Amino acid sequence: MPELPEVETVRAGLAPAITNANITKVEVLEPRSLRRHPGTVANFVAELEGKRVLGCVRRGKFLWLPLGNPEPTGLALVGHLGMSGQILLRTPIFEPDKLTRVIIHFESAGVAYEFRFVDQRIFGGLAIDHLSATEDGRSAGFCPEIAEDGWINSIPQSVAHIARDPLDANFDRTAVIRKLRTKNTGIKRALLDQGIVSGIGNIYADESLWRSKLYYDRPCSEISVAKLNELFEHVYEILVAAVKQGGTSFDEQYKNVNGESGYFSQTLNAYGQTGLPCARCGKLIRREAWANRGSHFCPKCQRR
DNA sequence: ATGGACACCTGTGGGC
DNA sequence: TGCCCACAGGTGTCCA
């Protein structure tokens, strides 16, 4: 479900409450949500209880909370929301949320809160992972609240293969475009490849391609550098606009940490618009089955 | 290198 | 009302 704008909305909501908070208790209601945790459930709980949260960092669709004891331990709580994950920040008296899988109780400035990891499909999950220095020694991800220092330049091992995203201060658009020019694969497949550029999923790929008038299966190598620059300009603008609107919600699946929906769905021009007229030319938007999912595009504006 | 199939899951909505 | 099918914002792995 969530792509970069939705995950960033969660990160931005979480950061002020959880930075410098102390974890008091952890409840694992659904062990499958720890599928990617290398240890046992008991070990997961033990690694968290009594620790301090140093910050909240995001790269692409991955989030992590570096941990302290209280000094940095070199470990982080890594989270991915999968297709249906949510992180809700509640006070303990707030009614239970359906499909809650893990609850992390913490105390921040003397007030008790719960970090509730809610996930319908259990494709998302939490894990404790080791941090290691980034290759270039620069900030590992997006965390504007924190100035450069030791742990911000470290990345969880399980996230190291994820490329920087377009909102990352160290994102190198020129290098990404150079790489794309060497690929014969279709442009949408490349946009969704988190090892090339991260954060883009099915919604924002379709939206960016629509705005750039590119057919999704067009081979990367035959798109000009100028056109790819235009595409990445649109990717950036769309991601920024979506973050500003709190992400895209069209059902109960995406919520911010307060349980509220984002409203970027009102701005969509391609994704989920099957059968509706293209906002540019009036031709009906089409959906094609593609890679076990759907691709939405205007057959007139986005020619093969 | 590339792409397809599939595994991991639950829930919802449409058609009959 | 029930049943079956299609479909859903992702990632990782295996195999031709």
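These numbers were taken from a predicted model, which means no experiment stands behind them. By convention in this document, chain letters (A, B, ...) are assigned in the order of the sequence lines, proteins followed by strands, and residues within each chain are numbered from 1.
- With a 6.0 Å radius and a threshold of 12 heavy atoms from other residues, nucleotides or ligands, A:Glu222 has its CD atom above the threshold.
- Where stacking is scored as ring centres under 5.5 Å apart with planes under 30°, A:Phe123 registers as stacked on the base of B:dC8.
- Here A:Arg173 pairs with A:Glu233 in a salt bridge; the nearest charged N to carboxylate O distance falls below 4.0 Å.
- Residue-level contact check: A:Tyr204 touches neither bases nor backbone, having no heavy atom under 4.0 Å from any strand.
- Within 6.0 Å of CD on A:Glu252 lie no more than 12 heavy atoms contributed by other residues, nucleotides or ligands.
- Nucleotides of DNA chain C nearest to A:Arg121 and A:Ile162 differ in position, and the one nearer the 5' end is that of A:Arg121.
- Taking the side chain of A:Leu99 as heavy atoms from C-beta on, and the options B:dC9, C:dA8, B:dG11, the nearest nucleotide is B:dG11.
- Put simply, the side chain of A:Gln273 never gets that close to the backbone of A:Cys278: no donor and acceptor are under 3.5 Å apart.
- Taking a cutoff of 4.0 Å between a charged side-chain nitrogen and a carboxylate oxygen, A:Asp206 and A:Lys188 qualify as a salt bridge.
- Between the A:Glu30 side chain and the A:Arg32 main chain, a donor and an acceptor come within less than 3.5 Å of each other.
- Considering only side-chain N and O atoms, A:Arg36 lies nowhere under 4.0 angstrom from the phosphate OP1 or OP2 of B:dC8.
- In this model, the phosphate group of C:dA8 is approached by a side-chain N or O of A:Arg287 to a distance below 4.0 Å at OP1 or OP2.
- As rounded to whole Å, 19 Å separates atom P of C:dA8 from atom CD of A:Gln86.
- Contact check, A:Arg189 against B:dG3: a side-chain N or O comes under 4.0 Å of OP1 or OP2.
- The CZ-C1' distance, from A:Phe117 to B:dC9, rounds to 13 Å in whole Å.
- Taking the C1' atom of each, C:dG2 and B:dC9 are spaced 23 Å apart, rounded to whole Å.
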Self-check item: Strand DNA chain C in bracket notation, Watson-Crick/G-U under 3.5 Å with | for pairs to another chain
Solution: .|||||||.|||||||
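- Side-chain atoms of A:Tyr271 lie closest to C:dA8 of the nucleotides C:dA8, B:dT10, C:dG12.
- Here the nucleotide nearest the side chain of A:Gln120, chosen from B:dT10, B:dC9, C:dA8, is B:dT10.
- Contact check on A:Arg11 versus A:Glu145 returns a salt bridge, with a Lys/Arg side-chain nitrogen under 4.0 Å from an Asp/Glu carboxylate oxygen.
- Comparing the P positions of C:dT1 and B:dT12 gives a spacing of 16 Å, expressed to the nearest Å.
- Ion pair A:Asp165/A:Arg58 flagged as a salt bridge, since at least one NZ, NE, NH1 or NH2 atom sits closer than 4.0 Å to an Asp/Glu carboxylate oxygen.
- Of the candidates C:dG12, B:dT2, B:dG11, the closest approach to any side-chain atom of A:Lys183 belongs to B:dT2.
- Using atom P as the reference point in both C:dA6 and B:dA5, the two lie 15 Å apart (nearest Å).
- Atom C1' of nucleotide B:dG13 and atom CZ of A:Phe250 are separated by 15 Å, given to the nearest angstrom.
- Computed from coordinates, the A:Leu34 CG to B:dC8 C1' distance equals 15 Å when rounded to whole Å.
- Within the structure, every side-chain polar atom (N or O) of A:Gln253 is placed at least 4.0 Å from both OP1 and OP2 of C:dA8.
- If you check every strand for non-hydrogen atoms under 4.0 Å, A:Asn184 touches sugar and phosphate atoms only.
- Contacts of A:Gln194 with the nucleic acid, taken as non-hydrogen atoms under 4.0 Å apart, involve only primed sugar atoms and P, OP1 or OP2.
- Using a 4.0 Å cut-off, no side-chain N or O of A:Arg35 falls inside it from OP1 or OP2 of C:dG12.
- With B:dA5, C:dG12, B:dG3 as the candidates, the nucleotide lying closest to the side chain of A:His161 is C:dG12.
- One can place CG of A:Asp251 at 9 Å from P of B:dG13, the figure rounded to the nearest angstrom.
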